[in-house]
Amino acid sequence: MSVRVRFAPSPTGHLHIGGARTALYNYLYAKAQGGTFVFRVEDTDLERSKKEYEVSQLEDLRWLGIDYDEGPEKPGEYGPYRQSERTHIYEEYAKKLVDDGLAYYDFCTDEELEAMKERAMKEGRPPHYEGKWRNSEYFEEAANKLAAGEKGAIRFKAPKKSYVVNDEVRGRVVFPENMVGDFVIIRSNGLPVYNFCCVIDDMLMKITYVIRGEEHLNNSVRQLMIYEALGGTPPAFAHVSLLINKDRQKLSKRDGVTSVTKYKEESYLPEALINYLCLLGWSHPDEKEIFAIDDIGLAFDAKRFAKSAAIYDLEKLKWVNGMHLRALPNDELKSKIEEFIAKDHFYFSQSDTWKDSAIELLKNQIEFFSDFQPRLDSDLLNGEVNRSEKLEDVLSWDTTKKIINFLKDKLAGIDDSFISKEKFQEIFKSLKTELELKGKPLFMGTRVCLTGQDHGPELGDLVPLIPLKIIKERINHLS
RNA sequence: GCUCCCAUCGUCUAGCCCGGUCUAGGACACCGCCUUUUCACGGCGGUAACAGGGGUUCAAAUCCCCUUGGGAGUACCA
């Protein structure tokens with residue numbers, strides 16, 4: 001039997017990073033197994049579902065590089081793939097259950113239901129349905145109400161027996177009998193409820209393996225009941241751990257970092273986000289940290305899912321982003337970086353050679369495209385000097401002065417815009433011999449005087465990129 | 001309340017299934033140090049964890065039980 005997996009979000013908001021991660025795992029699993037990845041829209045909640053969210057979720061998935069094989073826009077054998085277009089199917093199956101005596105019409109009001117629940121809680125019992133409609137003696141009354149045009153919900157008669165979920169992540173999970181009471185499968189407005197249509201669809205779409213968030217583990221019981229009632233074979237399950245925030249709460253909109261759209265807007269690299277997400281709850285067999293998802297291939301093994309919830313923390317994501325940024329081809333990196341530099345910036349008035357060198361030099365210090373300009377300003381274009389206290393240990397003020405005077409002298413005669421690399425090497429060598437400096441004082445001294453900072457990229461590469469005007473400014477600042 | 005899940009450095013995790021090789025490995029972050037100049041997306045080093053208590057065993061991060069802590073579900077939401 002061929003492997004079929006699915007990702008089935010409800011279009012009630014933008015794609016959530018938790019959702020993106022589940023989608024990714026399904027995608028990777030399908031890829032590793034040579035299976036089919038189905039995208040299904042669970043839009044049975046009319047109030048909250050919006051078409052625009054379906055569109056945006058699809059877009060975000062594509063942006064992340066997660067492609068699916070069957071879905072609303074890629075019809076396959078088992079469509080339609082929007083639950084709102086499948087209501088007749090659910091209805092049919094629900095009626096069959098009613099006919100088989102496995103489900104019944106319920107006409108209880110919200111108030112009655114609420115009262116039932118309260119009573120049960122007070123008495124320490126699980127809040128199960130105990131209305132009259134589950135008894136066969138009321139079936140006739142129900143039929144009459146129905147015939148009279150009254151709207152009733154269809155409730156599934158939960159069998160009183162224990163169920164076992166053989167979860168690929170959690171192992172054998174046993175649920176006691178009496179854990180769930182009769183539950184609604186078709187609302188009084190005629191629309192199905194998640195636990196019901198999910199099973200019908202998974203069955204009809206021939207899903208063999210369900211990878212989803214741990215919040216659904218308990219739902220599995222209800223779903224197993226439906227499979228049983230309908231005579232279907234349940235798929236294998238893998239309930240992956242949840243993503244939580246630093247307060248160990250389920251990640252919510254309030255955390256401000258949850259929608260994929262946001263990362264797109266903030267110019268994160270999709271390959272970085274997806275790489276990071278993959279690592280939250282799954283580990284590469286070779287302990288690789290940086291990879292392209294399409295390179296994982298057979299290394300993707302669902303056995304490597306972690307059981308415990310993972311805190312979603314931006315720090316590592318930033319690092320991953322930096323790694324992917326540096327791996328970009330030069331021309332792509334350049335054009336992306338330029339999008340984040342002010343139009344009237346000094347940068348744009350420079351030669352291509354200068355631009356390329358500046359990018360080559362500074363790309364190792366940035367994690368985001370937007371980090372480049374600030375870096376440029378502070379390292380190359382700022383006349384200020386930052387002479388830190390700890391520098392005193394290796395570099396005396398005396399030495400600094402000597403270097404300053406020497407450099408002033410050497411640079412005075414030059415009025416090009418920049419010092420060439422050769423010229424710089426020449427000055428540096430003479431400084432070394434004439435002032436008899438070496439080691440740290442030599443390098444640190446020169447660095448501080450020319451760059452204004454006590455750390456930074458290779459001097460020989462850095463100095464030729466700094467406008468001479470700025471260098472002179474820095475030296476003046478020091479003397 | 002009831003049911004279920006989870007528990008290794010600050011964070012993500014390896015190891016747990018098949019006890020000894022673990023004085024617990026890696027990564028991010030943090031803190032040091034390293035460049036007389038072919039690879040700083042670098043190198044070297046440091047701080048830092050098996051929640052607690054019982055058992056089983058010659059031996060437990062690994063197996064069992066309890067406690068504690070966290071999470072999820074308990075909807076005519078998904």
Side-chain angles (χ1 to χ4, degrees), chain A residues 8-12 42-45 47-49 83 106 108-110 113-114 117 120-128 151-155 165 167 169-171 173-176 178-181 183-195 197-198 212-222 239 241-242 244 246-250 276 279-290 303-304 306-320 322-327 361 363-365 367 425 428-429 432 437-440 442-443 455-461:
Chain A
S10 14
T12 54
E42 306 223 329
D43 54 352
T44 55
D45 184 344
E47 318 249 298
R48 298 194 299 145
S49 298
Q83 291 186 330
D106 175 28
C108 282
T109 61
D110 289 350
L113 259 16
E114 191 55 42
K117 192 175 162 186
M121 290 288 256
K122 210 173 278 174
E123 291 167 21
R125 289 176 289 119
H128 293 173
K151 304 263 186 236
I154 298 180
R155 202 173 274 273
V165 176
D167 191 86
V169 179
R170 270 145 242 286
V173 182
V174 182
F175 295 94
N178 229 13
M179 183 189 156
V180 300
F183 55 95
V184 168
I185 52 177
I186 302 281
R187 287 177 264 224
S188 44
N189 68 3
L191 289 176
V193 155
Y194 166 73
N195 279 309
C197 43
C198 174
R212 63 188 359 171
E214 200 198 324
E215 74 260 34
H216 291 293
L217 184 56
N218 291 293
N219 282 329
S220 308
V221 176
R222 277 166 250 260
H239 287 96
S241 57
L242 260 23
I244 55 183
K246 35 247 154 279
D247 301 326
R248 308 209 131 263
Q249 304 285 312
K250 193 172 164 180
Y276 172 70
L279 252 17
L280 245 31
W282 182 81
S283 57
H284 192 106
D286 300 336
E287 295 198 52
K288 273 193 191 147
E289 307 262 356
I290 300 295
K303 286 200 171 55
R304 298 193 66 83
K307 288 194 180 86
S308 50
I311 295 182
Y312 182 77
D313 171 42
L314 256 26
E315 283 307 321
K316 193 159 182 173
L317 169 59
K318 288 179 183 166
W319 171 74
V320 173
M323 296 299 274
H324 281 275
L325 179 144
R326 277 164 221 129
L361 185 71
K363 74 175 184 186
N364 292 332
Q365 333 254 323
E367 288 172 332
Q425 297 297 357
F428 187 76
K429 270 178 196 146
K432 184 174 101 184
L437 287 170
K438 62 175 182 174
K440 213 160 187 173
L442 171 70
F443 282 88
H455 60 90
E458 198 61 55
L459 268 183
D461 296 327

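Proteins get letters first, then strands, A, B, ... in listed order; numbering begins at 1 in each.
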Expressed in angstrom and rounded to an integer, what is the separation of [X] atom [atom1] from [N] atom [atom2]?
{"X": "A/R326", "N": "B/C39", "atom1": "CZ", "atom2": "P", "value": "17 Å"}
{"X": "A/Q365", "N": "B/G42", "atom1": "CD", "atom2": "C1'", "value": "12 Å"}
{"X": "A/D313", "N": "B/U13", "atom1": "CG", "atom2": "C1'", "value": "13 Å"}
{"X": "A/N178", "N": "B/U3", "atom1": "CG", "atom2": "P", "value": "11 Å"}
{"X": "A/K307", "N": "B/A14", "atom1": "NZ", "atom2": "C1'", "value": "14 Å"}
{"X": "A/E367", "N": "B/A29", "atom1": "CD", "atom2": "C1'", "value": "11 Å"}
{"X": "A/M323", "N": "B/A40", "atom1": "CE", "atom2": "C1'", "value": "12 Å"}

Strictly under 3.5 Å: I want the nitrogen or oxygen pairs between protein and nucleotides 24-27 of chain B, one per line.
from, atom 1, to, atom 2, distance (Å)
B/G25, N2, A/E287, OE1, 3.0
B/A27, O4', A/E289, OE2, 3.1
B/A27, O2', A/K316, NZ, 3.3
B/A27, N3, A/K316, NZ, 3.4

Reading nucleotides 69-78 of chain B from the 5' end, what letters show protein touch, with B for base, S for backbone sugar-phosphate only, - for no heavy atom under 4.0 Å?
-SSBSSSBBB

Stepwise, does the side-chain contact (heavy atoms from CB on, under 4.5 Å) test hold for A/T44 with A/C197?
CA-CA 9 Å; A/T44 55; A/C197 43; 4.0 Å; yes

Mind checking what makes ring pair (Phe, Tyr, Trp, His ring centres under 6.0 Å) contact with A/F443, not counting sequence neighbours?
A/F428

Separation of the P atoms in B/G70 and B/U11, to the nearest angstrom:
15 Å

Look up atom CD1 in A/I186 and atom NZ in A/K151, then write down how far apart they are to the nearest 0.5 Å.
13.0 Å

Considering all heavy atoms, the nearest [X]-[Y] contact:
{"X": "A/H128", "Y": "A/M179", "value": "NE2-O, 3.2 Å"}
{"X": "A/R248", "Y": "A/I311", "value": "NH2-CD1, 3.7 Å"}
{"X": "A/A120", "Y": "A/P127", "value": "CB-CA, 3.7 Å"}

For [X], check side-chain contact (heavy atoms from CB on, under 4.5 Å) against everything at least two apart and list the hits.
{"X": "A/R304", "result": "A/W282, A/S283, A/P285, A/D301"}
{"X": "A/A327", "result": "none"}
{"X": "A/E315", "result": "A/D313, A/K318"}

Tell me which nucleotide, if any, is Watson-Crick or G-U wobble paired with [N] when both distances must be under 3.5 Å.
{"N": "B/A7", "result": "B/U68"}
{"N": "B/U74", "result": "B/G1"}
{"N": "B/U37", "result": "none"}
{"N": "B/C30", "result": "B/G46"}

Residue closer to the 5' end of RNA chain B, A/L280 versus A/L361 (nearest nucleotide)
A/L280

Contacts of A/V173 and A/G281 projected onto RNA chain B by closest heavy atom; the upstream (5') one is A/V173

Out of B/U11, B/C28, B/U3, minimum distance to the side chain of A/I311 belongs to B/U11

Contacts of [X] that satisfy side-chain hydrogen bond (donor to acceptor under 3.5 Å, both in side chains) - sequence neighbours left out:
{"X": "A/E47", "value": "none"}
{"X": "A/R222", "value": "none"}
{"X": "A/E289", "value": "A/K316"}
{"X": "A/H216", "value": "A/Y194, A/N219"}

Pick out the pairs of N or O atoms, protein on one side and nucleotides 43-49 of chain B on the other, that lie under 3.5 Å.
none

Give one of base, sugar-phosphate or nothing for A/V174, where a contact means two heavy atoms less than 4.0 Å apart.
sugar-phosphate

Under 3.5 Å, which protein N or O atoms sit close to an N or O of nucleotides 34-38 of chain B? Give each pair with its distance.
from, atom 1, to, atom 2, distance (Å)
B/C34, OP2, A/K440, NZ, 3.0
B/U36, O2, A/K432, NZ, 3.0

Between A/V193 and A/R187, is any pair of side-chain heavy atoms under 4.5 Å apart?
yes

Heavy-atom check, side chain of A/R170 versus side chain of A/S241, under 4.5 Å
yes

